[in-house]
Amino acid sequence: QKEVEQDPGPLSVPEGAIVSLNCTYSNSAFQYFMWYRQYSRKGPELLMYTYSSGNKEDGRFTAQVDKSSKYISLFIRDSQPSDSATYLCAMSALGGAGSYQLTFGKGTKLSVIP
Amino acid sequence: DTAVSQTPKYLVTQMGNDKSIKCEQNLGHDTMYWYKQDSKKFLKIMFSYNNKELIINETVPNRFSPKSPDKAHLNLHINSLELGDSAVYFCASSLRDRASYEQYFGPGTRLTVT
């Protein structure tokens, strides 16, 4: 079992839909939870990060963490064609060298159809 | 202004050759990273440098050697290239005390070994 599981999709939704993206994890040592957006042939771009269980909202994006279930989600409201990208979840834990290491999910490819 | 830049963007080379990828960041960060994204889209940490010192060295063949001439630069040299080295290599940077949740990625270098 991989440390971070993410459904690769692809996921296709009509413009204006609410999108739900999810990841599960097995490592209880993960402390920070992030969502990155990666457009085709570009580098990942940090969207949001959270530390504790609960919700965090930023515009049309809401990140949700449930540490008891080891489950994180990203919700996108009023989705736009410009949201079409691959969304990567990432989690960090303190490594052996005393520094944090990020572990990424495989990414979910999202297409928002006009 | 590009925050994290990499050169070259594309690199096509033959097996057995030696090649280098350069990375520069102008964010004033003190920590830089190399990640590898394979054909299955998994993004995995290879190396991490803080103030020119190696702090993370994941299980990577010793054909890969990072070099950090100063805090703003982290280069990756690869000897005796193999077919399995074909991937997209991303440089990233952060402040060390934000490394757990705020890393900024470059655009990637797409390496193809033939």
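First the proteins, then the strands, lettered A, B, ... as listed; each starts at 1. Only this structure's heavy atoms are used, side chains among them; waters, hydrogens and symmetry mates stay out. Quick caveat, the model's predicted, so the values are computed rather than measured.
If you tally non-hydrogen atom pairs under 4.5 Å between each of A/Leu88, A/Leu102, A/Thr50, A/Thr103 and chain B, the highest count goes to A/Leu102. Here A/Met34 is the residue among A/Gln31, A/Met34, A/Gln6 with the most heavy-atom pairs under 4.5 Å with chain B.
Annotation for A/Lys109: atom NZ does not count as buried by contact number, only 12 or fewer foreign heavy atoms lying within 6.0 Å. Sparse packing is recorded around NZ of B/Lys44, with 12 or fewer heavy atoms of other residues, nucleotides or ligands lying under 6.0 Å away.
Using a 4.5 Å cut-off between side-chain heavy atoms of Ile, Leu, Val, Met, Phe, Trp and Tyr, with links allowed through other members, A/Leu46 and A/Tyr51 fall into the same hydrophobic cluster. Note: the hydrophobic cluster containing B/Met32 does not contain B/Val88 (ILVMFWY, side chain heavy atoms under 4.5 Å, direct or indirect links). The hydrophobic cluster containing B/Leu81 also contains B/Met46, counting ILVMFWY residues as joined when their side-chain heavy atoms lie under 4.5 angstrom apart, directly or transitively. Both A/Trp35 and A/Val19 are assigned to one and the same hydrophobic cluster, defined by single-linkage of ILVMFWY side chains at heavy-atom distances under 4.5 Å. The hydrophobic clustering, which links ILVMFWY residues whose side-chain heavy atoms are closer than 4.5 Å, places A/Phe75 and A/Met48 apart.
For the pair B/Phe90 and A/Gly43, the tightest heavy-atom approach, listed with the atom from each and the gap, is CE2-CA, 3.3 Å. In terms of heavy atoms, B/Phe42 sits closest to A/Gly105 at CE2-C, 4.3 Å. Smallest separation of non-hydrogen atoms from B/Ser100 and A/Tyr32: OG-CE1, 3.3 Å.
Looking at B/Tyr89, there are no atoms closer than 4.5 Å to chain A (heavy atoms on both sides), in backbone or side chain. Using a 4.5 Å cut-off between heavy atoms, B/Lys40 touches chain A through backbone and side chain atoms alike. Heavy-atom distances place no part of B/Tyr104 under 4.5 Å from chain A, backbone and side chain included. Using a 4.5 Å cut-off between heavy atoms, A/Tyr36 contacts chain B through its side chain alone, with no backbone atom that close.
Here the OH atom belonging to A/Tyr100 is positioned 13.5 Å from the OG1 atom belonging to B/Thr31, to the nearest 0.5 angstrom.
Two residues are said to be in side-chain contact when any heavy atoms from C-beta on lie closer than 4.5 Å; B/Tyr101 and A/Ser92 fail this criterion. Side-chain atoms of A/Gln38 and B/Gln37, non-hydrogen and from C-beta on, do get closer than 4.5 Å to each other. At a threshold of 4.5 Å between non-hydrogen side-chain atoms, the residues A/Tyr49 and B/Gln103 do not count as touching.
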Exercise for review: Apply side chain to side chain contact (heavy atoms under 4.5 Å, CB included) to the pair B/Tyr33 and A/Gln101, showing each step before the final yes or no.
Suggested key: CA-CA 10 Å; B/Tyr33 314 82; A/Gln101 294 188 43; over 6 Å; no
